[in-house]
> 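Sharing a structure here in structure tokens format.
We use all heavy atoms of the structure for the numbers below, so side chains are in, but hydrogens, waters and symmetry mates are not. Just so we're on the same page: letters track the sequence lines, and every chain starts at 1.
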Number of protein chains: 2
Amino acid sequence: MTPLATYLTDRDADAGLRIRTAAVLLFARQGYAATTIRDLARTVGMTNAGIYHHVPSKEALLADLLISGHQGLVEATATVLDGVSGAAERLALLISSLTATHALNPLTTRVMDGELRALTPGSAALAEVIALRDAYEDRWRQAVADGVREGVFHVADQKLTRLALMTMCTGTSEWYRPDGDSTLEQVCAEFVAIGLAAVRAPARPLPIADLSLLPDLPWEPPRD
Amino acid sequence: MTPLATYLTDRDADAGLRIRTAAVLLFARQGYAATTIRDLARTVGMTNAGIYHHVPSKEALLADLLISGHQGLVEATATVLDGVSGAAERLALLISSLTATHALNPLTTRVMDGELRALTPGSAALAEVIALRDAYEDRWRQAVADGVREGVFHVADQKLTRLALMTMCTGTSEWYRPDGDSTLEQVCAEFVAIGLAAVRAPARPLPIADLSLLPDLPWEPPRD
DNA sequence: TCCGAGTAACCGAACGTTCGGTAGGCCGAT
DNA sequence: ATCGGCCTACCGAACGTTCGGTTACTCGGA
């Protein structure tokens, strides 16, 4: 038994937390649709009926993960940007914090980015996640627009540029390994350099987000 | 009825092609696991049993889409790179052709990039797709390694850099719209500039892939 | 004695897949 | 020209299985 599997089946630990951790693990690995309640139950050492003692439904479980995850990202980003002025500095902090969040929470972020479509169209939960995501993306829109207005950024298409940069950052969850050749700080610095080059900002030293201010995504499964 | 829906239910058109087109549409929208044979049948105007006259199984259908899609990408890339020397030129062609392929075939590429995990682990089909994908990624590995060896690229971590750039290119399928603010040529040129900046290549004019050499992915559903 | 946490057994619905059957077209022999 | 035989392309109905979810019950601890 791996340490993770041992933790997930530990009857002394909080069951709601174990279920959410297992859900992130399985949803990230197999996808929401391909994960059954019985998969989840087996992973936490219960029967399928036991799951329903802690969770109202499979979709409510996903919705809970998505909403709280996005809330964490939005709140942490507000903290990271607090009091920082200058479009280049703010964009650098957005790039580095999004990158680091995905590198440090690859499974949770994979579910957050990839399983939105699994929520029932028109549901209140979906609307809530979309509202949170829009609020987050507005930070990026603002940063790019400010830079262009101030004359420090020069971009052909603001939306295209923003999406390309955000994609680069979120993609980190697919490949980053802490035991790879680059440290997380190196990755963040590299991505900030690429991002600022993409908006043709003058090259100069720029800050990296304080890793202690990043969102706490409490059901990210520990690495095995 | 949209033109697409009309085509998909047209009994005069080849059924195998209509089924594959509908499969790409639904797999891209809802995911493979969440798409049922009955969804597929309804989309092409048949019963679920009728589908099995043209396709041996749901998974074989997915495998067929993935294998032929990756074959197309590998073959087209060989054509695009044929006779081109110089690491910067070759990287520029890789970036622009991957970007354009994703922009022009968003649904097929989304299935190709996102539904590999739906194939049965250990199956021959999965091994075939992985072999094709590895062959494709080797083109990128070679281009980056060549540039570093020739001294024209300066990169901290080759694998990290390659993955970041490939992610940027493949992400195009998620947001590119032909009626947006940028033309496909502008997007490609922009991404080439970003990519070459990422490897610290000296700035100079670089080629864009000839769009007529791109892979033909015959079941990409026409835009609605 | 009561309650939180769990189980065994079960439900209706939906799943991928298979089966027997049939409508309509082609084709060589009559 | 027409008939029998065969083929492609599908349909209606059902198969066994598995799904998300429910019900009735058990049991250890406060």
> So Asp64(A) and Arg20(A), salt bridge (Lys or Arg N to Asp or Glu O under 4.0 Å) or not? Walk me through it.
CA-CA 9 Å; Asp64(A) 187 42; Arg20(A) 280 164 175 77; 2.7 Å; yes

> With rounding to the nearest 0.5 angstrom, report the CE to CG distance, Met46(B) to Leu8(B).
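Reported value, rounded in 0.5 Å steps: 10.5 Å.
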
> To the closest 0.5 Å, what do you measure between CZ (Arg38(B)) and OG1 (Thr43(B))?
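The OG1 atom of Thr43(B) is 13.5 Å from CZ of Arg38(B), to the nearest 0.5 Å.
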
> Which pairs would a plain distance check flag for residues 54-63 of chain A, meaning a side-chain donor or acceptor within less than 3.5 Å of a matching protein atom at least two apart in sequence or in another chain?
from	atom 1	to	atom 2	distance (Å)
Ser57(A)	OG	Ala60(A)	N	3.0
Lys58(A)	NZ	Tyr32(A)	O	3.1
Lys58(A)	NZ	Thr35(A)	O	2.8
Glu59(A)	OE1	Thr120(A)	OG1	2.9
Glu59(A)	OE2	Thr120(A)	N	2.7
Glu59(A)	OE2	Thr120(A)	OG1	2.8

> Between Ser96(A) (side chain only) and Ala209(A) (backbone N and O only), is there a donor and an acceptor less than 3.5 Å apart?
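Checking the backbone N and O of Ala209(A) against the side chain of Ser96(A), a donor-acceptor pair under 3.5 Å is found.
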
> Once you round it to whole Å, what is the distance between C1' of dT17(C) and CG of Leu40(B)?
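That distance rounds to 14 Å.
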
> Atom CE of Met46(A) and atom P of dG6(C): how far apart are they, to the nearest Å?
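Rounded to the whole Å, the gap is 4 Å.
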
> Between the base of dG20(D) and the side chain of Asn48(A), is there a donor-acceptor distance below 3.5 Å?
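In this structure, the two groups form no donor-acceptor pair.
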
> With Arg133(B), which of Leu116(B), Asp113(B), Leu66(B), Val74(B) fulfils side-chain contact (heavy atoms from CB on, under 4.5 Å)?
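It is Leu116(B), the one option of Leu116(B), Asp113(B), Leu66(B), Val74(B) that forms the side-chain contact (heavy atoms from CB on, under 4.5 Å) with Arg133(B).
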
> Between dT18(D) atom C1' and Asp39(A) atom CG, what is the distance in whole Å?
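Answer to the nearest Å: 11 Å.
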
> Which residues in residues 49-62 of chain A have at least one heavy atom lying under 4.0 Å from any atom of DNA chain D?
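Per residue number, the list reads Ala49(A), Tyr52(A), Ser57(A), Lys58(A).
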
> Of the options dT7(C), dA14(D), dG21(D), whose atoms approach the side-chain atoms of Arg38(B) most closely?
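So the nucleotide nearest the side chain must be dA14(D).
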
